[in-house]
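Remarks on the structure that follows.
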Amino acid sequence: MEDLFFEYRRTLQETRKMYKAFEETEEKKLTVQQAADKKIISSIITDLEFVIEWLEKGRLPGAKRGYDRRDSYQRMLLKDPKIIDAFSSEVKNEPDGTVSQTDLERIDDALSVLTRREKEIFILNKVQLYSYDEIAELLNVKKSTVQTNMRRAEIKLSKRMNESLFCLA
């Protein structure tokens with residue numbers, strides 16, 4: 001992956017050098033072909049910057065909130081073995097590294113008591129290992145909001161895991 005980043009950055013740097021040659025020349029002195037080339041090179045630079053930002057952030061550039069990734073959290077939630085560690089030390093992975101259906105159902109039951117926001121913050125912190133500051137920036141909320149939602153989520157999960165017969169099984 002680092003090779004891919006390196007190649008994109010190198011290409012961007014070389015493309016900017018090409019553009020600089022056109023930029024130093026006045027618009028009136030450019031031929032029709034040179035003006036067209038300048039426009040194409042400018043477009044290439046914009047596209048390369050977009051791709052590099054996408055690869056670095058792992059999400060759509062310019063998106064302020066996590067809505068573009070929320071569905072992926074919901075789909076991946078119970079398939080990611082790291083989430084098992086966030087809930088309980090009693091849950092064991094199957095020999096092939098997958099999580100058993102029973103454990104998946106227990107996790108789903110425990111998470112059912114959380115609001116959408118609490119679930120999103122909990123997963124970002126415990127599974128994706130984001131800090132409170134990073135989560136606050138990602139969701140465009142204050143750090144204290146993240147802390148409050150994490151505290152509520154942990155209380156709800158603890159209560160659910162202690163009271164639910166399904167979670168105790």
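All values derive from a computational prediction rather than experimental measurement.
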> Taking C-beta and beyond as the side chain, do V127 and F122 meet within less than 4.5 Å on heavy atoms?
Replying inline: no
>> What I want to find out is whether E154 reaches K126 closely enough, with some N-O distance under 4.0 Å, to be called a salt bridge.
In response: yes
> Is the number of heavy atoms from other residues, nucleotides or ligands within 6.0 Å of OH (Y8) greater than 12?
Replying inline: no
> Is the shortest heavy-atom distance from the side chain of K156 to the side chain of T115 under 4.5 Å?
Replying inline: yes
>> Measuring only between side-chain heavy atoms, which start at C-beta, is K142 closer than 4.5 Å to Q147?
In response: no
>> Rounded to the nearest 0.5 Å, what separates atom CD1 in I45 from atom CD1 in I40?
In response: 12.5 Å
> Is E7 salt-bridged to R10, cutoff N-O under 4.0 Å?
Replying inline: yes
> Would you find a donor on one side and an acceptor on the other, under 3.5 Å apart, between the side chain of T148 and the backbone of S144?
Replying inline: yes
>> Between S43 and K39 (side chain of the first, backbone of the second, donor and acceptor by atom type, cut-off under 3.5 Å), is there such a pair?
In response: no
>> Taking the side chain as everything from C-beta on, heavy atoms only, tell me whether Q34 gets closer than 4.5 Å to T31.
In response: yes
>> side chain to side chain contact (heavy atoms under 4.5 Å, CB included), that's the test. Do R117 and E120 meet it? Break it down for me.
In response: CA-CA 5 Å; R117 174 56 61 94; E120 185 174 27; 4.1 Å; yes
> Looking at side-chain heavy atoms only, is the closest gap between L129 and N125 below 4.5 Å?
Replying inline: no
> side chain to side chain donor-acceptor pair (under 3.5 Å) with Q13: which residues, sequence neighbours excluded?
Replying inline: none
>> Checking side chain to side chain contact (heavy atoms under 4.5 Å, CB included) between I135 and each of V141, T145, V146, which is the one that passes?
In response: V146
> Ion pair present between R16 and E49, side-chain N to carboxylate O less than 4.0 angstrom?
Replying inline: yes
